Amino acid sequence: QPTDVIVDKNDHSLIMCDWGNRRIIRRFCEDDNNEQIIISNIDCWGLTIDDSGNIYTSDYKKNEVRQWKKGDFYGRIVAGGNANGNGLNQLNWPTFLFVDQDYSLYISDNNNHRVMKWTKDAKQGIVVAGGHDRGNRLTQLSNPHGIFVDHLKNVFVADFGNHRIVCWPAGAKEGIVIVGGNGEGNHLNQLSFPTFIFVDKDYSVYVSDCYNNRVMKWEKDAKTGIIVAGGHGEGNNLTQLSSPRGVVVDQLGTVYVADA
């Protein structure tokens with residue numbers, strides 16, 4: 001049951017969060033049989049990688065995020081790790097992650113209904129989206145999942161329980177709905193529990209539309225999306241997906257999906 005996938009640009013490999021087997025694995029695109037277990041015995045939900053090749057993993061049971069340098073056996077706690085809670089040094093079921101070029105770490109703090117930013121070597125984080133209890137107002141989130149941050153520090157959030165994608169401009173007190181927000185459904189202007197997002201250089205937004213078993217692409221300012229993967233019901237045929245989660249798009253436009 002994979003929950004997240006990233007591309008390591010250094011060696012063109014895929015790194016996957018194999019949630020059901022409590023491990024992180026690496027697979028090389030040129031050789032499907034060459035699979036490596038790089039982290040074991042971890043209750044991981046999300047992962048990301050920085051420009052130096054360091055991997056970051058969220059552990060939803062320990063309420064912490066760890067950084068793993070190549071060859072690390074234990075990793076290093078870089079966020080949370082101070083028990084379950086809603087303090088600025090705490091997390092409550094962290095899920096998906098994003099790291100920017102400044103090595104600041106963004107965390108979907110799921111059960112606190114907020115997105116946190118932890119700068120490099122910080123002892124606590126700051127709230128950059130949500131944090132006003134669970135709800136559907138523009139100041140609120142509902143169990144946020146996937147996140148993406150652009151070079152302007154705008155934070156894009158898969159607002160899972162509100163069936164929408166919200167952009168929080170840097171320093172904003174509320175978000176802007178850019179995808180969905182038309183109630184739960186399977187029409188091309190709707191989402192059903194979005195789990196993950198990827199934003200490309202043209203600001204097209206790719207969304208893992210989990211309960212609709214599809215991946216949608218919404219071009220900038222579009223009112224409806226198009227289906228780029230799945231959308232043929234839940235199943236294991238090559239035309240189908242089953243509760244997709246992590247999604248990433250490479251420079252050639254190839255879409256990789258964690259098909260849970």
Side-chain angles (χ1 to χ4, degrees), residues 4 6 46 48-51 56 58 65 78-80 86 88 91-92 94-120 122 124-183 189-191 193-209 215-225 246-249:
D4 204 354
I6 55 177
T48 191
I49 189 169
D50 64 27
D51 289 339
Y56 301 78
S58 63
V65 177
V78 292
N86 62 4
L88 293 179
L91 300 169
N92 186 351
T95 52
F96 295 105
L97 308 171
F98 186 93
V99 63
D100 67 16
Q101 293 182 334
D102 300 323
Y103 297 93
S104 292
L105 188 64
Y106 296 79
I107 305 165
S108 277
D109 192 7
N110 189 276
N111 285 348
N112 282 326
H113 311 291
R114 66 189 185 184
V115 175
M116 301 292 291
K117 176 182 178 180
W118 289 62
T119 57
K120 185 179 179 181
Q124 64 180 29
I126 59 173
V127 180
V128 294
H132 299 283
D133 298 322
R134 181 179 181 178
N136 61 7
R137 297 196 301 271
L138 292 178
T139 58
Q140 296 177 302
L141 297 170
S142 177
N143 299 109
H145 275 50
I147 45 181
F148 186 94
V149 182
D150 68 13
H151 68 285
L152 298 175
K153 308 301 183 185
N154 299 313
V155 180
F156 299 79
V157 186
D159 193 2
F160 181 78
N162 287 322
H163 317 293
R164 65 190 185 185
I165 307 302
V166 185
C167 175
W168 289 64
K173 300 300 182 183
E174 63 180 36
I176 302 166
V177 178
I178 59 170
V179 169
N182 298 304
N189 68 339
Q190 294 179 304
L191 300 171
F193 296 99
T195 52
F196 201 83
I197 53 174
F198 180 88
V199 182
D200 69 14
K201 59 182 176 59
D202 298 319
Y203 278 83
S204 292
V205 180
Y206 295 78
V207 183
S208 282
D209 191 8
V215 175
M216 302 283 290
K217 177 183 178 182
W218 294 61
E219 294 183 350
K220 185 178 180 181
D221 300 325
K223 300 301 181 185
T224 60
V247 60
V248 65
V249 183

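All figures in this text were calculated on a predicted structure; none of them were measured in a lab.
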Quick check: closest heavy atoms across [X] and [Y], and the distance to 0.1 Å?
X	Y	result
A129	V157	CB-CG2, 4.3 Å
L91	G80	CD1-CA, 4.0 Å
Q140	R164	O-NH2, 3.3 Å

[X] versus [Y]: any side-chain heavy-atom pair under 4.5 Å?
X	Y	answer
M116	V127	yes
V177	L138	yes
T95	N143	no
N189	K223	no
I107	S58	no
V115	W168	no
D200	Y206	yes

Taking N112 for the side chain and G131 for the main chain, is one N or O donor matched with an acceptor at less than 3.5 Å?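 Checked: no pair found.
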Donor-acceptor check, side chain of D150 to backbone of L152, threshold 3.5 angstrom: yes or no? yes
Determine the interplanar angle of the F96 and H145 rings, folded into 0 to 90°, and report it as parallel if under 30°, tilted if 30 to 60°, perpendicular if over 60°. tilted
How many angstroms lie between atom [atom1] of [X] and atom [atom2] of [Y], to the nearest 0.5 angstrom?
X	Y	atom1	atom2	result
Q190	M216	CD	CE	10.0 Å
I197	I178	CD1	CD1	7.0 Å
H132	E174	NE2	CD	9.5 Å
W118	L97	CH2	CG	12.5 Å
I176	F156	CD1	CZ	9.5 Å
T48	F98	OG1	CZ	6.5 Å

Starting from the C-alpha separation in whole Å, work towards a yes-or-no answer on side chain to side chain contact (heavy atoms under 4.5 Å, CB included) for E219 and D202. CA-CA 8 Å; E219 294 183 350; D202 298 319; over 6 Å; no
Q124, CD atom: more than 12 neighbouring heavy atoms under 6.0 Å: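 Yes.
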Please identify which of these residues, D159, V207, V179, meets the side chain to side chain contact (heavy atoms under 4.5 Å, CB included) condition with P194.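 It is V207; the other options fail the test.
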Can a salt bridge be assigned to the pair D102 and K153 using a cut-off of 4.0 Å between side-chain N and carboxylate O? yes
Does the side chain to side chain contact (heavy atoms under 4.5 Å, CB included) test come out yes or no for I6 and V248, once each step is laid out? CA-CA 6 Å; I6 55 177; V248 65; 5.9 Å; no
Residue pair D109, N92: steps toward the side chain to side chain contact (heavy atoms under 4.5 Å, CB included) verdict: CA-CA 6 Å; D109 192 7; N92 186 351; 4.0 Å; yes
